Amino acid sequence: MAEKSLFAMLLRSPWWVSFVVVGLIVLAAGALLPKEYFVVGALAGFPIFVVGCIAAWKQLRAPNPAQVADMLEAVGSMPWRSFADTLASAWTRAGYTVERINGNNAGADMRLTLSGKTTLVSAKRWKAATHGVEPLRELHAAMVASDAPAGIYVAALGQVSDNARLYARDHGIAVLQGDAVAALLLSSRR
């Protein structure tokens, strides 16, 4: 789905916005269409109603901002092993087989496998303001070496630079940072 499409914007908006749009469509159908076509016009809002239901479901399942802030604070004080164990637990709970990769210059910390597809993960807890391209290059080199089609770069603290984000996009690497990391880690506790 295109990022700037109506459905994508409604999925990112609060759930009730979709229902307001549906109400406006129904009102417009009642005001502008002949009586015999009202139902057809009102049904034009049905796809937006479905999007509203999906957005409500996602937003009700999402952790609240206080939980996210607490988790991000906890990540900052976690030792590496606890952080890695929590990540592994979250992905195991999501159905992945998780294998730790040992080695100082491996470029990746974990190998996730689901339905025969391998994804390499590089997780960083650096307290740096921004993460640059170099760790992403290392992850990409590890992906090429192990013939993994996908990678995930976890930047628990700080932000990924614009150049690093572009590099990740161009090389099949998903970037998880901030709230997305907290939501993943919180899912391991459910």
Side-chain angles (χ1 to χ4, degrees), residues 1-72 74-75 86-98 110 112-121 123 136 143 148-156 159-160 162 164-190:
M1 176 180 327
E3 188 176 325
K4 294 184 180 180
S5 71
L6 174 65
F7 293 132
M9 289 189 296
L10 288 173
L11 281 173
R12 290 189 304 266
S13 300
W15 60 269
W16 54 267
V17 172
S18 296
F19 297 122
V20 168
V21 171
V22 170
L24 292 172
I25 290 171
V26 170
L27 287 173
L32 301 174
L33 295 175
K35 203 172 220 174
E36 57 270 9
Y37 295 117
F38 167 74
V39 173
V40 175
L43 283 176
F46 183 72
I48 296 172
F49 175 79
V50 171
V51 168
C53 291
I54 293 169
W57 182 73
K58 283 183 174 183
Q59 291 168 19
L60 290 174
R61 292 183 41 131
N64 69 43
Q67 289 175 317
V68 170
D70 290 345
M71 178 52 75
L72 289 176
V75 164
T86 307
L87 280 173
S89 172
W91 277 311
T92 300
R93 192 169 172 87
Y96 288 91
T97 302
V98 179
M110 297 176 207
L112 308 178
T113 309
L114 180 67
S115 303
K117 183 182 175 192
T118 300
T119 303
L120 294 184
V121 176
L136 291 162
M143 290 166 54
I152 299 174
Y153 183 75
V154 179
Q159 296 294 316
V160 175
D162 291 338
R165 191 180 324 280
L166 291 172
Y167 183 88
R169 184 196 68 201
D170 294 342
H171 292 88
I173 300 171
V175 175
L176 292 181
Q177 59 185 0
D179 293 355
V181 174
L184 175 66
L185 296 176
L186 286 168
S187 73
S188 70
R189 294 182 174 182
R190 291 180 189 164

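Residue numbers run from 1 in the order of the sequence given. Remember, predicted model here, so these are calculated numbers, not experimental data.
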List for me each residue that meets side chain to side chain contact (heavy atoms under 4.5 Å, CB included) alongside L114, sequence neighbours excluded, and say none if there are none.
-> Y96
Which residues satisfy the side chain to side chain contact (heavy atoms under 4.5 Å, CB included) test with T97, sequence neighbours excluded?
-> T113
Grab the two heavy atoms, one from V160 and one from R165, that are nearest each other, plus how far apart they are.
-> O-NH2, 3.0 Å
Indicate the atoms forming the closest heavy-atom contact of A164 with L136, along with that distance.
-> O-CD1, 3.2 Å
Test side chain to side chain contact (heavy atoms under 4.5 Å, CB included) applied to S115 - qualifying residues, sequence neighbours left out = none
Heavy-atom closest pair (A155 atom, V181 atom, distance to 0.1 Å) is O-CG2, 4.1 Å
Residue pairs passing the side chain to side chain donor-acceptor pair (under 3.5 Å) test where at least one lies in residues 170-183, sequence neighbours excluded = Q159-Q177
Interatomic spacing from CD1 in I152 to CH2 in W91 - rounded to 0.5 Å | 5.0 Å
Rounded to the nearest 0.5 Å, how far apart are CD of Q67 and CG of L185?
-> 12.5 Å
Heavy atoms only: give me the nearest G41-A29 pair and the separation to one decimal.
-> C-CB, 3.7 Å
Gap between atom OG1 of T86 and atom CG of L186 - 0.5 Å precision | 10.0 Å
Smallest separation among heavy atoms of L72 and A156, with atom names = CD2-O, 4.0 Å
What residues, two or more places apart in sequence or in another chain, satisfy side chain to side chain contact (heavy atoms under 4.5 Å, CB included) together with A180?
-> L176
Minimum heavy-atom distance P47-L43, with the two atoms named = CD-O, 3.9 Å
Pairs of donor and acceptor atoms involving the side chains of residues 9-28, under 3.5 Å and at least two apart or interchain, shall be tabulated with distances.
| unit_1 | atom_1 | unit_2 | atom_2 | d |
| --- | --- | --- | --- | --- |
| R12 | NH1 | E3 | O | 3.0 |
| R12 | NH2 | E3 | O | 3.0 |
| S13 | OG | M9 | O | 2.7 |

List the steps and the verdict of side chain to side chain contact (heavy atoms under 4.5 Å, CB included) for F7 and I48.
-> CA-CA 7 Å; F7 293 132; I48 296 172; 4.0 Å; yes
